[in-house]
2 protein chains.
Amino acid sequence: MSATNETQAGYEETMGHSGHRLTPQRREVYDVLLSERDHPTATEVFIRAKQKMSTISLATVYNCLETLVDCGLAKQVNVEREATRYCPNLDEHGHFVCDRCAKVFDVTLAAGQSLDRTWQVPEGFTVLRSEVTLRGLCNNCNT
Amino acid sequence: MSATNETQAGYEETMGHSGHRLTPQRREVYDVLLSERDHPTATEVFIRAKQKMSTISLATVYNCLETLVDCGLAKQVNVEREATRYCPNLDEHGHFVCDRCAKVFDVTLAAGQSLDRTWQVPEGFTVLRSEVTLRGLCNNCNT
DNA sequence: CTAGGTGCAAAAGGTTTGCGGTTAA
DNA sequence: TTAACCGCAAACCTTTTGCACCTAG
């Protein structure tokens, strides 16, 4: 059994329990997210999904992605004002975007670190979530 | 002499030395940024600037803001897919956005902290800049 | 004088919406 | 059966662009 199939079981469970229908479109969009994990945009997901499901529309891809985010099966990744990207990595993590090749990499908190420790958040503020984007050069583009 | 006037001297210096003209529009846009420091959007800057300079256009505001960012007099603040906000705080800092009142607050790195220490960046990667947005509740909205 | 800036209007790019028809549960 | 969902097209919002005119240096 492949990792994709294992996670598809998670899909059925999560979708079912959250009161959302298990439609072929949503399954296909989620499959695309899981198959490459390269943080595709909605349009890229659309192009890939269309290869297997020729009738799917861009609006439906947006709808499906929104549903997946609602269920907690995917996260949105915003990089400046570019098109929103999507990833199925649910762990608390940030992103590194290479200035040269534009690839997106996941980065995790270093051992013993936390956002509260890193940032001087004023007294009485509660941090619920974060969006962190680091930019620079990846090892491939770093001369 | 007010803080605004003091910083306006910085404006003239920076603009002049960066080969950009000191136009009234750019001065006004920069004045708006300095006067409230509440991270306004381009449209908000436009509305405020128009009160003093009725002929200014939204496109000019966008141009002026871009010039200020180029000169290093302002920074862009992207919060998810909302309109880009602008701030004249040039120090390395992140932002906290309140989920309830939507106000934007600057947050600085805690003593002894750095992005490299916080995030597990892969070997060979170079971090050049970062964009950090924390979300949650500010002290006012935190019941 | 003239390179660079301004203002207008129109376009672009990403995302959302309204609606009639379809379908998973 | 029926509330939820799909696909299409059109709308929406922020941002950018082309171009004629203007102005700071």
Side-chain angles (χ1 to χ4, degrees), chain A residues 8 11-32 39-47 49-71 73-86 102 104, chain B residues 8 11-32 39-47 49-50 52-71 73-86 102:
Chain A
Q8 277 292 356
Y11 158 81
E12 294 189 7
E13 215 172 289
T14 307
M15 286 297 247
H17 290 316
S18 66
H20 290 100
R21 286 195 197 159
L22 280 63
T23 69
Q25 289 84 353
R26 287 174 178 172
R27 178 185 292 273
E28 176 57 29
V29 165
Y30 189 47
D31 259 347
V32 168
H39 307 82
T41 63
T43 304
E44 285 164 353
V45 171
F46 171 58
I47 290 169
K50 206 171 171 72
Q51 291 173 7
K52 281 204 187 160
M53 184 180 279
S54 60
T55 60
I56 200 171
S57 74
L58 180 56
T60 295
V61 168
Y62 272 106
N63 286 334
C64 293
L65 288 169
E66 189 189 338
T67 305
L68 291 172
V69 171
D70 279 353
C71 302
L73 285 169
K75 278 187 174 180
Q76 293 191 320
V77 182
N78 291 299
V79 177
E80 283 162 20
R81 297 219 56 83
E82 297 164 20
T84 301
R85 298 174 173 278
Y86 294 84
V104 181
Chain B
Q8 276 292 354
Y11 159 81
E12 295 189 6
E13 216 173 288
T14 308
M15 285 299 246
H17 290 317
S18 66
H20 288 102
R21 287 194 194 157
L22 280 64
T23 69
Q25 288 83 355
R26 286 174 179 172
R27 179 184 291 275
E28 176 57 31
V29 165
Y30 189 47
D31 259 348
V32 168
H39 307 81
T41 63
T43 303
E44 285 164 353
V45 171
F46 171 59
I47 291 169
K50 206 170 173 73
K52 280 205 188 160
M53 184 179 280
S54 61
T55 61
I56 200 169
S57 73
L58 179 56
T60 295
V61 168
Y62 271 106
N63 288 334
C64 293
L65 288 169
E66 189 189 339
T67 305
L68 291 171
V69 170
D70 279 354
C71 302
L73 285 169
K75 279 187 172 181
Q76 292 190 321
V77 182
N78 291 298
V79 178
E80 283 162 22
R81 294 218 60 83
E82 297 164 20
T84 301
R85 299 175 173 276
Y86 295 84

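What you see below is based on every heavy atom in this structure, not just the backbone, and it leaves out hydrogens, waters and symmetry mates. The chains referred to below are lettered A, B, ... by the order of the sequence lines, with proteins before strands, and numbering in each begins at 1. Here the structure is a predicted model, which means the values were calculated and not measured.
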Chemist: Just call it for Thr84(B): base, sugar-phosphate, or nothing, with non-hydrogen atoms closer than 4.0 Å on any strand.
Modeler: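 Sugar-phosphate only.
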Chemist: Looking at Ser57(B), I'd like to know whether one of its side-chain N or O atoms comes within less than 4.0 Å of OP1 or OP2 on dT6(C).
Modeler: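 Checking Ser57(B) against dT6(C): no side-chain N or O falls below 4.0 Å of OP1 or OP2.
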Chemist: Could you pick out which residue, Glu66(B) or Thr23(B), lies toward the 5' side of DNA chain D when each is mapped onto its nearest nucleotide?
Modeler: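 Closest to the 5' end, via its nearest nucleotide, is Glu66(B).
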Chemist: Apply the test side-chain contact (heavy atoms from CB on, under 4.5 Å) to residues Tyr11(A) and Asp31(A): give CA-CA distance (whole Å), side-chain angles for both, the deciding distance (0.1 Å), then the verdict.
Modeler: CA-CA 10 Å; Tyr11(A) 158 81; Asp31(A) 259 347; over 6 Å; no
Chemist: Look at the side chain of Arg21(A) and the base of dT23(C), then say whether one donor and one acceptor between them are separated by less than 3.5 Å.
Modeler: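 Looking at the base of dT23(C), it does pair with a donor or acceptor on the side chain of Arg21(A) (distance under 3.5 Å).
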Chemist: On DNA chain C, compare the nucleotides closest to His20(A) and Tyr62(A); which residue's is nearer the 5' end?
Modeler: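 Nearer the 5' end of the strand: Tyr62(A).
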Chemist: According to a strict under-4.0 Å criterion, is Thr55(B) in side-chain N/O contact with OP1 or OP2 of dG7(C)?
Modeler: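 For Thr55(B), the contact criterion (side-chain N or O under 4.0 Å from OP1 or OP2 of dG7(C)) is met.
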Chemist: Side chain of Ala59(A): nearest nucleotide among dT15(C), dT15(D), dC8(D)?
Modeler: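 Shortest atom-to-atom distance from the side chain points to dC8(D).
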Chemist: Between Leu65(B) (CG) and dG7(C) (P), how many Å, whole number?
Modeler: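 From Leu65(B) CG to dG7(C) P: 13 Å.
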Chemist: Less than 4.5 Å apart, any side-chain heavy atom of Gln76(A) and any of Glu80(B)?
Modeler: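 No, too far: nothing below the 4.5 Å cut-off.
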Chemist: Under the criterion side chain to side chain contact (heavy atoms under 4.5 Å, CB included), which of His17(A), Arg26(A), His20(A) is the partner of Cys71(A)?
Modeler: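 Single side chain to side chain contact (heavy atoms under 4.5 Å, CB included) partner of Cys71(A) among His17(A), Arg26(A), His20(A): His20(A).
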Chemist: Start at the 5' end of DNA chain D and walk down; is the nucleotide closest to Ile56(A) or to Ala83(B) reached first?
Modeler: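 The answer here is Ile56(A).
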Chemist: When you get a sec, tell me which of dT15(C), dT6(C), dC6(D) is the closest nucleotide to the side chain of Asn63(A)?
Modeler: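 Side chain of Asn63(A) sits closest to dC6(D).
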Chemist: Which residue is it: Thr60(B), Thr67(B), Val61(B)? I am looking for the one with a side chain to side chain contact (heavy atoms under 4.5 Å, CB included) to Cys64(B).
Modeler: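 Of all the options given, the one that passes is Thr60(B).
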Chemist: To the nearest Å, how far apart are Glu28(B) CD and dG5(C) C1'?
Modeler: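 The answer, rounded to whole Å, is 16 Å.
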Chemist: Is the shortest side-chain N/O distance from Arg81(B) to OP1 or OP2 of dG14(C) below 4.0 Å?
Modeler: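 So the side chain of Arg81(B) is outside the cut-off, no N or O lying under 4.0 Å from OP1 or OP2 of dG14(C).
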Chemist: Does Gln25(B) place a side-chain N or O at less than 4.0 Å from the phosphate oxygens OP1/OP2 of dG7(C)?
Modeler: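 For dG7(C), OP1/OP2 do have a side-chain N/O of Gln25(B) under 4.0 Å.
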